[in-house]
Amino acid sequence: MHEVGIASEILRASHAEAARRPGARLVAVKVRIGVLAGVDADALRFAWDVMSLQAEYDPVTLEIQMVPRRNRCQDCGCEFVTDMYSEPCPDCSSESSMLLGGDEMQLASVEVEE
């Protein structure tokens with residue numbers, strides 16, 4: 001379960017960011033995870049909850065935003081959301097598209113209380 005490692009790294013990076021503001025307390029963290037990233041959101045939340053309880057820090061809320069797969073048609077430039085590996089362009093029906101997003105994993109925001 002690699003979600004434990006991911007939760008650990010998110011927690012570390014979040015506290016490092018909060019430490020840049022002396023006296024601030026980390027309250028919430030928001031992450032954006034693409035559906036193609038291979039991360040189980042429920043397992044990540046479970047790992048986060050366990051690690052947060054075991055850490056010497058106050059509990060921190062984790063918000064997970066799942067990001068859909070996005071493609072761009074290489075013929076007409078149309079950008080579209082799909083859950084299929086190969087789906088024709090909704091504008092021109094071309095079969096030629098490239099992946100734009102859906103495989104990312106980002107620390108989107110860190111909320112602190114001063």
Side-chain atoms of residues 89-103: list all donor-acceptor pairs with protein atoms under 3.5 Å, sequence neighbours left out, distances to 0.1 Å.
residue : atom : partner : partner atom : Å
S94     : OG   : D75     : OD2          : 2.4
S94     : OG   : S96     : N            : 3.1
S96     : OG   : Q74     : OE1          : 2.8
S97     : OG   : N71     : ND2          : 3.3

Under 3.5 Å, side-chain donor or acceptor atoms of residues 34-49 against the rest of the protein: list the pairs with distances, not counting sequence neighbours.
residue : atom : partner : partner atom : Å
D40     : OD1  : D42     : N            : 2.9
D40     : OD1  : A43     : N            : 3.1
R45     : NH1  : L62     : O            : 2.8
W48     : NE1  : S52     : OG           : 3.4
W48     : NE1  : V60     : O            : 2.8

Item to complete: Just jot down the salt bridge (charged side-chain N to carboxylate O under 4.0 Å, His left out) partners of R12, sequence neighbours excluded, or say none.
Response: E9
Discussion item. Is there a path of hydrophobic side-chain contacts, each under 4.5 Å between heavy atoms of I/L/V/M/F/W/Y residues, joining I33 to V67?
Written reply: no
Fill in: Shared hydrophobic cluster, V31 / V4 (ILVMFWY, side-chain heavy atoms < 4.5 Å)
yes
Discussion item. Do I64 and M51 land in one hydrophobic cluster if side-chain heavy atoms of ILVMFWY residues count as linked below 4.5 Å?
Written reply: yes
List the atom pairs, with distances to 0.1 Å, where a side-chain N or O of residues 77-84 and a protein N or O form a donor-acceptor pair under 3.5 Å, not counting sequence neighbours.
residue : atom : partner : partner atom : Å
E79     : OE2  : R72     : NE           : 3.4
E79     : OE2  : R72     : NH2          : 3.0
T82     : OG1  : M84     : N            : 3.0
T82     : OG1  : E87     : OE1          : 2.3

Mind listing the side-chain donor-acceptor pairs of residues 105-114 below 3.5 Å, one per line with the distance, residues two or more places apart or on another chain?
residue : atom : partner : partner atom : Å
Q106    : OE1  : R32     : NE           : 3.0
E113    : OE1  : R25     : NH2          : 3.1

